[in-house]
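Remarks on the structure that follows.
Letters go in sequence order (proteins before strands), and every chain restarts at 1. Just so it is clear, the values below take in all heavy atoms, side chains as well, and ignore hydrogens, waters and symmetry mates.
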Protein chains: 2
Amino acid sequence: MSAKDTISRLLRCRAVLEKLKLLGMVKVYSDNLAAAVGVSAALVRKDFSIFGLTGHRRGGYRIDDLLSQLNRILGRDQPLKVLIVGCGKIGTALMNYRGFGTQGVRIIAGFDVDPEKINPNAVPPVYPMDDFERVMNAEQIRVAILATPENTAAHVAERMIMAGIRGILNFAPIPLKGGPSCLVQNIDIALELENLYYFVRLGEATEERRGK
Amino acid sequence: MSAKDTISRLLRCRAVLEKLKLLGMVKVYSDNLAAAVGVSAALVRKDFSIFGLTGHRRGGYRIDDLLSQLNRILGRDQPLKVLIVGCGKIGTALMNYRGFGTQGVRIIAGFDVDPEKINPNAVPPVYPMDDFERVMNAEQIRVAILATPENTAAHVAERMIMAGIRGILNFAPIPLKGGPSCLVQNIDIALELENLYYFVRLGEATEERRGK
DNA sequence: TAGATTGTTAATCGATTAACAATC
DNA sequence: TAGATTGTTAATCGATTAACAATC
């Protein structure tokens with residue numbers, strides 16, 4: 001899906017632009033952005049043109065302008081509020097993840113069925129799973145991270161979807177399918193490792209062949 | 001990159017096949033696999049044909065045969081040994097991740113610069129970063145997970161690559177680029193959430209329009 | 001002006017799908 | 001045999017790139 005890839009690239013452009021701005025830079029060329037994001041300059045301009053992001057012929061792009069246009073498109077007005085379901089190791093790690101603060105992601109609460117994990121006074125608080133629907137509605141949240149063990153993941157996801165969650169980032173070690181009312185993005189860590197390993201071995205195989 | 005996608009699909013097919021085998025099933029059709037993996041049957045057969053995986057006209061595929069052929073291609077002979085660099089919240093969570101055991105991924109050790117994190121008696125053990133090269137060579141490891149904070153990630157990655165690591169799965173909240181000797185797969189959690197959120201909002205927008 | 005960069009169009013490339021002959 | 005499924009080819013689809021006129 002290219003729409004997805006286009007948005008990914010725009011998000012990465014935004015991250016780069018924010019860093020450039022902090023460094024005090026004022027303008028940037030498609031060439032610079034492309035190098036920073038790791039794609040071709042033509043593709044950066046193409047992505048921009050899809051959303052009507054414009055610069056100045058000969059003069060590149062004003063970083064401020066580009067950022068405010070990107071923020072309008074990508075929605076950076078309010079922070080992205082997220083719930084975490086499953087407060088085991090991974091869930092807990094994500095509760096206080098450093099990478100979120102800078103990116104405008106805010107973890108509002110965690111949920112678990114294990115009474116020992118509950119702690120409404122922590123920041124973010126951890127509530128019993130029974131409170132999920134209530135908190136979700138009270139805070140108007142539509143995106144959640146799923147981080148339960150494999151055996152409960154599908155069941156829990158169903159409950160979240162029933163409650164009205166529209167997007168799930170799934171860290172459970174089993175891929176889930178979305179549905180008409182809910183998008184699912186699976187993060188399959190074991191699969192990523194095995195995929196990486198395949199190409200590592202492939203590279204070694206071709207190296208050996210060359211070496212001969 | 002399709003090669004990457006093809007391998008991902010084959011890995012997912014393998015995972016499905018292993019479950020079917022546990023259930024006592026003997027044969028499977030491209031149709032079944034496709035539904036389980038969430039792609040078209042034609043694509044499953046296409047992926048198979050790229051690697052010469054064959055079944056029986058009219059008779060589908062024998063699960064045992066397919067599994068052993070897939071294992072040959074994807075390399076399931078020995079477990080995939082992995083090191084983790086950075087034993088903060090995320091790194092520690094991955095140290096004992098349940099999803100790895102079943103998939104043949106084995107975390108051999110973790111590393112950190114913080115003396116308080118060191119524990120050579122834990123399973124897996126956590127060593128000082130100074131021991132990285134030694135352990136990597138002793139265990140013949142080529143793939144590692146990077147889970148340090150943003151500010152040290154690039155520097156640490158460089159050290160890992162110098163040491164001879166060939167593949168890095170990067171959980172640090174800053175995308176890294178690979179190089180000729182090392183592949184990098186970035187897991188950018190904030191970006192995944194923002195991407196998901198974009199399409200959630202997009203869906204809501206079109207729903208509203210329909211509602212009118 | 002001369003030179004450089006954008007914005008966009010057309011060309012290319014590659015992945016997926018459709019379709020069907022082969023065949024069990 | 002009749003029917004169903006594979007393996008593969010050709011068609012389609014879509015994303016990326018190349019190229020260049022517009023223009024600052």
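- Where A:Asp47 and B:Gly60 each meet DNA chain D at their nearest nucleotide, the meeting point lying more 5' is that of B:Gly60.
- Atom CD of B:Glu158 sits in a sparse spot, with 12 or fewer heavy atoms from other residues, nucleotides or ligands closer than 6.0 Å.
- As rounded to whole Å, 15 Å separates atom P of D:dT6 from atom CZ of B:Arg62.
- When distances run from any side-chain atom of B:Lys46 to the nucleotides D:dT17, D:dT9, D:dT6, the shortest one goes to D:dT9.
- Between A:His56 atom NE2 and C:dG3 atom C1' the separation is 19 Å, expressed in whole Å.
- A salt bridge links B:Lys81 with B:Glu139; the closest basic N to acidic carboxylate O contact falls under 4.0 Å.
- The side chain of B:Arg57 has C:dT23 as its nearest neighbour among D:dT16, C:dT17, C:dT23.
- Here the options are B:Val156, B:Asn137, B:Leu83, the test is side-chain contact (heavy atoms from CB on, under 4.5 Å), and the partner is B:Phe132; only B:Leu83 passes.
- Rounded to an integer number of Å, the gap from CG of A:Asp31 to C1' of D:dT17 is 15 Å.
- In this structure, A:Lys19 pairs ionically with B:Glu150, as a charged nitrogen and a carboxylate oxygen lie closer than 4.0 Å.
- D:dA4 atom C1' lies 13 Å from atom OH of B:Tyr61, rounded to whole Å.
- Here the side chain of B:Arg45 is nearest to one of D:dT17, C:dG7, D:dT6, namely D:dT6.
- The nucleotide C:dT23 finds its pairing partner in D:dA4, both defining distances of the Watson-Crick or G-U wobble pair being shorter than 3.5 Å.
- Closest to the B:Ala42 side chain, of the nucleotides C:dT17, C:dT16, C:dT6, is C:dT17.
- A:Ser30 has a side-chain polar atom (N or O) that falls below the 4.0 Å cut-off from OP1 or OP2 of C:dT6.
- Results of the side-chain contact (heavy atoms from CB on, under 4.5 Å) test with B:Val82 over B:Ile108, B:Ile145, B:Ile141 single out B:Ile145 as the only residue that passes.
- In this structure, the CG atom of A:Leu53 is 20 Å from the P atom of C:dT5, given to the nearest Å.
- Candidate nucleotides D:dT6, C:dT17, C:dG7 were compared by shortest atom distance to the side chain of B:Tyr29, and D:dT6 ranks first.
- Note on B:Gly59: nothing from the nucleic acid sits closer than 4.0 angstrom, heavy atoms only.
- We find that CG of B:Leu33 is positioned 9 Å from P of D:dT6, with the value rounded to whole Å.
- Interatomic distance, B:Ile187 CD1 to B:Phe171 CZ, rounded to the nearest 0.5 Å: 5.0 Å.
- Atom pair A:Leu43:CG and C:dG7:P shows a separation of 15 Å (rounding to whole Å applied).
- For A:Thr54, the side-chain atoms get nearest to C:dG7 when compared with the rest of D:dG7, C:dT16, C:dG7.
- In this structure, the CZ atom of A:Phe48 is 16 Å from the P atom of C:dT5, given to the nearest Å.
- In terms of position along DNA chain D, the nucleotide closest to B:Gly55 lies nearer the 5' end than the nucleotide closest to the other residue of the pair B:Gly55 and A:Arg58.
- A close approach under 4.0 Å does not occur between any side-chain nitrogen or oxygen of A:Ser40 and OP1 or OP2 of D:dT16.
- Figure legend. C:dG14 is base-paired to D:dC13; pairs are counted as Watson-Crick or G-U wobble with both atom distances under 3.5 Å.
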